[in-house]
Amino acid sequence: MTVQVTQGGGRSVAFITLGCAKNEVDSEKMRAKAKAAGYYIEQDPEKADAIVINTCSFIQSATEESLEAIFEAAGMENVASGDAKLIVAGCMPARYGDELEAELTEACAFVPCSKEDDLGDILNALFGGSPERAAADDDSDDELSSVSAYVKISDGCDRFCSYCAIPYIRGRYHSFALEDIDREVAAHVAKGAREIVLIAQDTGRWGQDFEEPSSLAALMGELAQRYPSTWFRVMYVQPEGITNELLKTIADRDNICSYLDIPLQHVDKSLLRAMNRAGSREKYLALAKRIRTAIPSVTLRTTLIAGFPGETEDQFEELCDFVSEGLFDYIGVFAYSREEGTTAYELPGQIDEDIKAERAQTLRDLADASCTPRIAQRVGQEMDVLVEGIEEDGQLFGRAMCQAPDVDGETYLTEGNVGDIVRVRIADTLLYEMEAE
């Protein structure tokens, strides 16, 4: 959970963001809408005139975390006294709609994903008019710039994987225009960002829904050319999105990270069909070989689900064997979460929670045993590292191109300034962390 903060006078709004990087981007946009409407962004939610909680509801645990944040905010003195307005935004209102409004009487307004652009008007309605003093042209509450920034290139999803509620929360897939993406990239670069991470529910489909179809490869190639001193990284590319054109673009551009995050979820063909996904172990092995042939230095990440309904011991063992082959540098593992409204919720063969948790932990242990030796092979290699910050003890840290933000560990350095890209030699590794000299 993050609290987006800055401080100012007049009517003020605080933002509390839960969930993934896509929600962080949405909060940024709501923040801009609030500021454009004349509201200041407040550092401390307990001092704000309104608190916007941008919720996540992808799985049950995320919904529970969002509810905890809402109840915590409702208990703050300014909200409990009626002096501040509590607004629930994002995935929960989109997913649960009127049902949520009936249950969460603590909130003054609900803003689903599709209505987030209307936040300024919603605030004005709650306060009976716009603020007397406009904050849109005041720079005193601008957030500190970050050396790495997320940019969404599309929203929604048309895949309807049987375990996933995203299409019901975010709607059908739609790509954002290149001009809009470029404008957002330019704004981040102007504020000091050295890395842009392109994200969406399904990044590999970008441009296919345009009247004149385009591609993710074309988008990345164009951005890399326009901003030659900026790193570009793409996340969440489904297997079908790994085209030869995309691989060539990544290989040809020095400022595009040789990094691919490919959610596989499982390798058993019949279970993948039950998930409403294509693929098989053989196809994924061939895919990994094709990628590494095209980009020998590539870093690969995937995510896997343990305990999907009907998963047999043999099917789980096949997944374990696949993990142990050591094809991936990073593997995220999740126990299947049974979500109401999804097709998989009604499937037979639902697996006991304890068994799901046990299988997920087994996979995580195997992933560590298979991935950390790959990380250790980087010792002695030279690579560029983006310096991100300084810890309390003065230790510099950053990330190399082979490390995505928030998920792949850090690289610790001996010298450099925040925002620099420095050339280092990897001296040691500890699990997923690297030490540079």
Side-chain angles (χ1 to χ4, degrees), residues 58-60 156-170 172-173 200-205 208 216 235-243 246-247 260-292 300-353 355-364 366-367 370-371:
F58 175 55
I59 57 177
Q60 186 60 36
C157 186
D158 287 346
R159 290 187 176 274
F160 290 92
C161 297
S162 65
Y163 54 81
C164 183
I166 289 297
Y168 311 106
I169 296 172
R170 294 281 178 176
R172 301 307 292 265
Y173 183 89
Q201 276 76 30
D202 188 355
T203 49
R205 281 201 59 198
Q208 295 179 19
L216 175 62
M235 305 292 286
Y236 318 127
V237 187
Q238 297 292 338
E240 298 84 354
I242 308 297
T243 64
L246 178 62
L247 296 178
L260 282 167
D261 170 37
I262 314 167
L264 299 182
Q265 313 304 7
H266 213 282
V267 297
D268 180 81
K269 188 174 182 179
S270 62
L271 273 185
L272 286 166
R273 279 201 302 269
M275 293 178 176
N276 197 32
R277 296 176 64 87
S280 66
R281 181 176 182 176
E282 293 72 27
K283 288 183 178 179
Y284 292 157
L285 290 172
L287 174 62
K289 181 178 180 180
R290 179 164 65 92
I291 294 170
R292 293 199 182 277
L300 294 181
R301 161 175 275 278
T302 193
T303 51
L304 302 171
I305 295 174
F308 186 79
E311 183 186 59
T312 65
E313 289 286 352
D314 288 343
Q315 289 168 330
F316 177 66
E317 286 300 324
E318 182 184 17
L319 185 58
C320 291
D321 290 343
F322 179 79
V323 168
S324 297
E325 291 194 43
L327 299 174
F328 290 86
D329 301 88
Y330 303 101
I331 299 175
V333 177
F334 300 91
Y336 166 72
S337 178
R338 190 181 185 191
E339 299 297 316
E340 287 191 65
T342 64
T343 304
Y345 185 85
E346 304 294 343
L347 287 178
Q350 298 289 333
I351 294 174
D352 180 80
E353 293 294 329
I355 296 176
K356 288 191 292 186
E358 180 181 342
R359 289 183 180 181
Q361 189 57 52
T362 297
L363 274 183
R364 292 187 190 104
L366 287 171
S370 133
C371 294

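Hydrogens, waters and symmetry mates play no part in the numbers below; they use all other heavy atoms, side chains included.
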With side chains defined as the heavy atoms from C-beta onward, is the minimum distance between Ile242 and Leu260 less than 4.5 Å? yes
Take Ile351 and Tyr336 through the test side chain to side chain contact (heavy atoms under 4.5 Å, CB included) and record every step on the way to the result. CA-CA 9 Å; Ile351 294 174; Tyr336 166 72; over 6 Å; no
Student check: side-chain heavy atoms of Phe328 and Leu304 closer than 4.5 Å: no
Please name the pair of heavy atoms, one in Ala344 and one in Gln350, separated by the smallest distance, quoted to 0.1 Å. O-NE2, 2.9 Å
Modelled atom types, side-chain donor and acceptor of Gln201 and Arg159, under 3.5 Å: no
Minimal heavy-atom distance between Thr362 and Cys320, with the atoms involved, is CG2-SG, 4.4 Å
Would you mind telling me which of Glu318, Arg281, Gln315, Glu311 makes a side chain to side chain donor-acceptor pair (under 3.5 Å) with His266? Glu311
Check Leu366, Val267, Asp314, Asp268 against Leu319 for a side-chain contact (heavy atoms from CB on, under 4.5 Å) and give me the one that passes. Val267
Any side-chain heavy atom of Tyr284 sitting closer than 4.5 Å to one from Thr302? no
Which heavy atom of Ala274 sits nearest a heavy atom of Ser162, and at what distance? O-OG, 2.7 Å
Within 6.0 angstrom of Glu358 CD, more than 12 heavy atoms from elsewhere: no
Restricting to non-hydrogen atoms, name the atom on Arg292 and the atom on Asp329 that form the minimum distance, rounded to 0.1 Å. NH2-OD1, 3.3 Å
Taken to the nearest 0.5 Å, the spacing of Ile166 CD1 from Asp202 CG works out to 11.5 Å
A side-chain contact here means heavy atoms from C-beta on lying under 4.5 Å apart; do Leu247 and Ile291 qualify? yes
How many angstroms lie between atom CZ of Phe58 and atom CD of Glu339, to the nearest 0.5 angstrom? 8.0 Å
Apply salt bridge (Lys or Arg N to Asp or Glu O under 4.0 Å) to the pair Glu353 and Arg338, showing each step before the final yes or no. CA-CA 10 Å; Glu353 293 294 329; Arg338 190 181 185 191; over 6 Å; no
Can you tell me how far CZ of Arg277 sits from CD of Gln265, rounded to the nearest 0.5 angstrom? 5.0 Å
Going from CE on Met275 to OG1 on Thr342, what distance comes out if it is rounded to the nearest 0.5 angstrom? 11.5 Å
Heavy-atom donor-acceptor pair, Arg364 side chain to Val333 backbone, under 3.5 Å: yes
Could you give me the CA-CA distance, side-chain angles and deciding distance for Leu347 and Phe308, then say whether side chain to side chain contact (heavy atoms under 4.5 Å, CB included) is met? CA-CA 10 Å; Leu347 287 178; Phe308 186 79; 3.8 Å; yes
Heavy-atom pair of closest approach, residues Ser337 and Gln60: OG-N, 3.5 Å
With rounding to the nearest 0.5 Å, note down the distance linking OH in Tyr163 to CD1 in Ile305. 4.5 Å
Indicate the atoms forming the closest heavy-atom contact of Pro309 with Leu271, along with that distance. O-CD2, 3.7 Å
Is the backbone of Met235 close enough, under 3.5 Å, to the side chain of Thr203 for a donor and an acceptor to pair up by distance? yes
Report the distance from atom CZ of Arg172 to atom CZ of Phe160, rounding to the nearest 0.5 Å. 4.5 Å
